[in-house]
> 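The structure follows.
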Amino acid sequence: MLKTLGAHLGEYKRPSILTPLFMLLEVLMETIIPLLMASIVDNGIEAGNITHVYQMGGWMIVCALVGLFAGMAGARNGALASAGLARNLREAMFTNIQRFSFANNDKYSTAGLVTRLTTDVTNVQNSYQMILRMCTRAPASLICAMAMAFFINARLASIYLVAVIVLGALLILISSRAMKYFSEVFKKYDDLNASVQENVSAIRVVKAYVREDYETSKFTKASQNLYRMFVKAEGIVAWNSPLMMATVYTCILLLSWIGARMIVVGSLTTGELMSLLTYCMNILMSLMMLSMIFVMVTMSMAAAKRIC
């Protein structure tokens, strides 16, 4: 399946390679900035060295601008690669459909082919863009932030480790439950497209036999089924946000409480505590991205199989 889809990247291989590289550069800049901020607090503000504050502030501006450029370049190349893949897939599918035998024409419904050319390809396009950008950014950010947190203070960083394990298990549970509903959604799309296609192509017959009410109720039923499945799936995925916020603020409270006591005894500096709080957000938001990637990729797997 991956080989079949990858064969249609064509002229968009270059942006597919550049996108992860730009994402890694952006993550690197985001990892450096908290260290510069800690240096400003510890060696500049507390030491009364205003020259050091200006120097580190200048480097922070440079890192922010480089990160901004990398993020914009990654977004542009990711959009170009995913949109190009979608274009090539639609062109190849349309060309293939023109060569269908009578047996294949009977096997595949018109509604099913329309769904493959529209919704399925769009899902693969969105998933590919997330893989190029977030699937590179989230693990890299998670690993870099975790490594820097342990480098600053291993005792406080262990709070992250526990939070990552607990939150990761909960997000996997949520994603696996939501995936069952997302897999059923594509079948409902076929029913909806079939209802629309039949009504539009045979509109004269429908009006001649006064069947508008029947066609309306048929479309409403298909639309309602699709709506119900999406509500169930999104209702489960919606738990991601409160779980994430609860974990983030729990980590911040524990870091602030334990870190303040360590500052009093001199085993931690104020700047290091600020850096740890920043890395806390980076680590947990990376987990949130990974959970969304898992849901999106799971949805697109069913679409990819139908396309192939």
Side-chain angles (χ1 to χ4, degrees), residues 1-23 72-138 175 178-198 200-201 222 226 229-230 233-234 237 289-290 292-308:
M1 182 177 67
L2 294 177
K3 185 178 179 181
T4 303
L5 296 177
H8 293 90
L9 274 174
E11 66 273 30
Y12 299 100
K13 290 179 182 178
R14 184 171 179 270
S16 297
I17 296 172
L18 288 176
T19 302
L21 295 179
F22 281 122
M23 291 295 100
M72 292 173 61
R76 183 182 181 280
N77 282 280
L80 184 64
S82 59
L85 174 65
R87 188 198 73 170
N88 290 345
L89 282 176
R90 287 194 176 100
E91 182 179 1
M93 290 168 66
F94 186 81
T95 302
N96 189 46
I97 290 170
Q98 303 308 306
R99 296 195 294 262
F100 265 11
S101 63
F102 290 113
N104 279 333
N105 283 329
D106 294 334
K107 180 180 178 181
Y108 296 102
S109 66
T110 305
L113 294 176
V114 170
T115 303
R116 285 168 172 82
L117 282 165
T118 53
T119 307
D120 287 345
V121 172
T122 301
N123 283 327
V124 170
Q125 175 184 345
N126 294 335
S127 178
Y128 186 60
Q129 185 172 13
M130 288 184 73
I131 289 172
L132 289 179
R133 296 181 61 197
M134 289 190 183
C135 207
T136 303
R137 177 191 172 91
S175 301
M179 182 258 293
K180 298 177 182 177
Y181 291 104
F182 282 126
S183 336
E184 293 293 324
V185 162
F186 297 106
K187 299 177 183 176
K188 305 300 179 185
Y189 270 125
D190 284 353
D191 296 338
L192 186 69
N193 286 338
S195 175
V196 174
Q197 186 229 341
E198 290 170 4
V200 172
S201 60
L226 190 62
M229 296 298 293
F230 264 118
E234 295 294 341
V237 174
M289 287 184 192
L290 286 173
M292 298 309 297
I293 292 169
F294 184 78
V295 172
M296 191 66 204
V297 170
T298 302
M299 286 178 59
S300 65
M301 286 294 287
K305 289 177 183 177
R306 288 158 56 88
I307 290 172
C308 290

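Keep in mind it's a predicted model, so treat the numbers as computed, not measured.
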> Tell me if the CE atom of Met130 is crowded by more than 12 foreign heavy atoms within 6.0 Å.
yes
> Could you work out, with side chain to side chain contact (heavy atoms under 4.5 Å, CB included) as the rule, every residue matching Ser16, not counting sequence neighbours?
Leu9, Ala81, Tyr128, Leu132
> Would you indicate whether the side-chain heavy atoms of Ile307 and Met93 approach each other to under 4.5 Å?
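Yes - at least one pair of side-chain heavy atoms lies under 4.5 Å apart.
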> Specify the closest pair of heavy atoms between Thr19 and Gly78, including all atoms of both residues, with the distance to one decimal.
OG1-N, 3.1 Å
> For the residue pair Met72 and Asn77, establish whether any side-chain heavy-atom pair is separated by less than 4.5 Å.
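A side-chain contact under 4.5 Å is absent here.
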> Whether the side chain of Thr95 engages the backbone of Glu91 through a donor-acceptor N/O pair (distance < 3.5 Å, no angle test) should be reported.
yes
> Does any part of the side chain of Phe22, heavy atoms only, come nearer than 4.5 Å to the side chain of Arg133, both counted from C-beta?
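A side-chain contact is absent here, since even the closest heavy-atom pair is not under 4.5 Å.
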> Return yes if a side-chain donor-acceptor contact under 3.5 Å exists between Arg90 and Thr122, otherwise no.
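Yes, a side-chain donor-acceptor pair sits under 3.5 Å.
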> I need the Leu18 CG to Arg76 CZ distance, nearest 0.5 Å.
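If we round to the nearest 0.5 Å, Leu18:CG and Arg76:CZ are 10.5 Å apart.
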> Any side-chain heavy atom of Gln125 sitting closer than 4.5 Å to one from Leu85?
no
> Would you please name every residue forming a side chain to side chain contact (heavy atoms under 4.5 Å, CB included) with Gln98, sequence neighbours left out?
Phe94
> State, yes or no, whether a side-chain contact exists between Leu117 and Leu89 at a heavy-atom distance under 4.5 Å.
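With C-beta onward as the side chain, the pair stays apart.
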